[in-house]
J.: 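Structure provided below as structure tokens; questions to follow.
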Amino acid sequence: MPEKTILESVKELTSLHEGLHTIALQKTEIVKKGDLDGLQSLLKKENLYIKQIRQTEGKLVQETQTFLEKHGASPDSPSLSKVIELVEDKTSFVKEKTKLETQIEALRQQNLLNQDLLEQSLQFVQMNLELLQPDIDSFNYNRPEVNQESPHPKRSIFDSNA
């Protein structure tokens, strides 16, 4: 039953996105702590999840195309909406599609928060670097301006009136 394999792929995608969301939550805490080693190991885990999601999505697209071809629909742009129109058990498909969409939206929101945190961290580091680095002008000692008048009038040693 191709319908069952499509539904299982959607469930698997939902599960993978839940795992990725958990990693995104952990990433938020690690960024708050400033733990670079923890962040690097978490990014490796995240890349594994992304690789699995891509594989599962590819499998789902292939299964969807096969299903649509068997039911006489155009397999050019396969989508779950088209599958839902053709299956008998629409409620389970709609339920799983909604779960997946909800999970993807939660992940997107968490990733936006993480992006904002990282941008703020970079701004903080940049500000501290600017405070620690002296201006280039302070390295050069300038001669006092010639046009400035001194508080004492200038007198020459040579008297020109004589």
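Counting from 1, the numbers follow the sequence of the chain as shown. This is a predicted model, so every value here is computed, not measured.
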J.: Quick one: do Glu96 and Lys99 make a salt bridge, cutoff under 4.0 Å?
T.: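 Counted as a salt bridge, because a side-chain N and a carboxylate O are separated by less than 4.0 Å.
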J.: Atom CE of Met127 and atom CG of Leu132: how far apart are they, to the nearest 0.5 Å?
T.: 10.0 Å
J.: Between Gln40 and Leu36, does a side-chain contact (heavy atoms from CB on, under 4.5 Å) hold up when you go through it step by step?
T.: CA-CA 6 Å; Gln40 286 178 344; Leu36 289 178; 5.6 Å; no
J.: Which residues pass the side-chain contact (heavy atoms from CB on, under 4.5 Å) test with Leu20, sequence neighbours left out?
T.: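 For Leu20, the residues satisfying side-chain contact (heavy atoms from CB on, under 4.5 Å) (neighbours in sequence not counted) are Glu46, Tyr49, Ile50, Ile53, Leu107.
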J.: Tell me whether Leu25 is reachable from Leu113 by hopping between hydrophobic residues (I, L, V, M, F, W, Y) whose side-chain heavy atoms are closer than 4.5 Å.
T.: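 In one cluster: no.
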J.: Would a distance-only check, ignoring hydrogens and angles, find a side-chain to backbone donor-acceptor pair under 3.5 Å from Asn114 to Lys27?
T.: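 Absent.
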J.: Is there side-chain contact between Thr64 and Ser79, with heavy atoms separated by less than 4.5 Å?
T.: no
J.: Taking all heavy atoms of Gln103 and all of Thr14, pick out the closest pair and write down the distance.
T.: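 That would be CG-O, 4.0 Å.
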J.: Please say yes or no: joined through hydrophobic side-chain contacts below 4.5 Å, possibly via intermediate residues, are Val87 and Val94 part of one cluster?
T.: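 Same cluster: Val87 reaches Val94 through Ile, Leu, Val, Met, Phe, Trp or Tyr contacts under 4.5 Å.
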J.: Please report the shortest heavy-atom distance between Leu100 and Val10, naming the atom on each side.
T.: CD2-CG1, 4.3 Å
J.: Show the numbers, then the answer: is there a side-chain contact (heavy atoms from CB on, under 4.5 Å) between Ser81 and Lys97?
T.: CA-CA 9 Å; Ser81 299; Lys97 181 183 176 196; 2.9 Å; yes
J.: Quick check: closest heavy atoms across Ser9 and Leu60, and the distance to 0.1 Å?
T.: CB-CD1, 3.7 Å
J.: So does Phe67 get a backbone contact from the side chain of His71, meaning a donor-acceptor N/O pair under 3.5 Å?
T.: yes
J.: In Å and rounded to the nearest 0.5 Å, what is the NE2 to OG1 distance from His17 to Thr22?
T.: 12.5 Å
J.: Quick one: closest heavy-atom pair of Asn111 and Ala24, and the distance?
T.: OD1-CB, 3.8 Å
J.: Mind checking the CD-CD spacing from Glu57 to Gln52? Nearest 0.5 Å is all I need.
T.: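 One gets 12.0 Å once the value is rounded to the nearest 0.5 Å.
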J.: Sequence neighbours left out, what pairs pass salt bridge (Lys or Arg N to Asp or Glu O under 4.0 Å) with at least one residue falling in residues 78-92?
T.: none
J.: Please report the C-alpha distance between Leu68 and Leu86 in whole Å, then the side-chain angles of each, then the deciding distance to 0.1 Å, and finally whether the side-chain contact (heavy atoms from CB on, under 4.5 Å) criterion is met.
T.: CA-CA 8 Å; Leu68 291 174; Leu86 299 172; 3.7 Å; yes
J.: Find the distance between CD (Glu29) and CG (Leu117) and round it off to the nearest 0.5 Å.
T.: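 Glu29 CD to Leu117 CG: 9.5 Å, rounded to 0.5 Å.
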J.: Check for me, please, whether Val61 and Val83 land in the same ILVMFWY cluster - side-chain distances under 4.5 Å, paths through other members count.
T.: no
J.: More than 12 foreign heavy atoms under 6.0 Å from CD of Gln62: is that the case here?
T.: no
J.: Who else is in the cluster with Leu129 when I, L, V, M, F, W and Y are joined by side-chain contacts under 4.5 Å?
T.: Val125
J.: First locate atom CG of Leu42, then atom CD1 of Ile23, and finally report the distance between them rounded to the nearest 0.5 Å.
T.: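 Spacing of CG (Leu42) from CD1 (Ile23) equals 5.5 Å.
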J.: Taking atom types as modelled and ignoring hydrogens, do the side chains of Gln109 and Glu105 form a donor-acceptor contact shorter than 3.5 angstrom?
T.: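 Looking only at side-chain atoms, Glu105 and Gln109 do form a donor-acceptor pair, the distance falling under 3.5 Å.
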J.: Measuring from atom CD of Gln55 to atom CG of Leu13, what distance do you get when rounded to the nearest 0.5 angstrom?
T.: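 If we round to the nearest 0.5 Å, Gln55:CD and Leu13:CG are 11.5 Å apart.
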J.: Can you list the steps and then say if Lys70 with Thr66 is a side-chain contact (heavy atoms from CB on, under 4.5 Å)?
T.: CA-CA 6 Å; Lys70 286 183 180 178; Thr66 304; 4.0 Å; yes
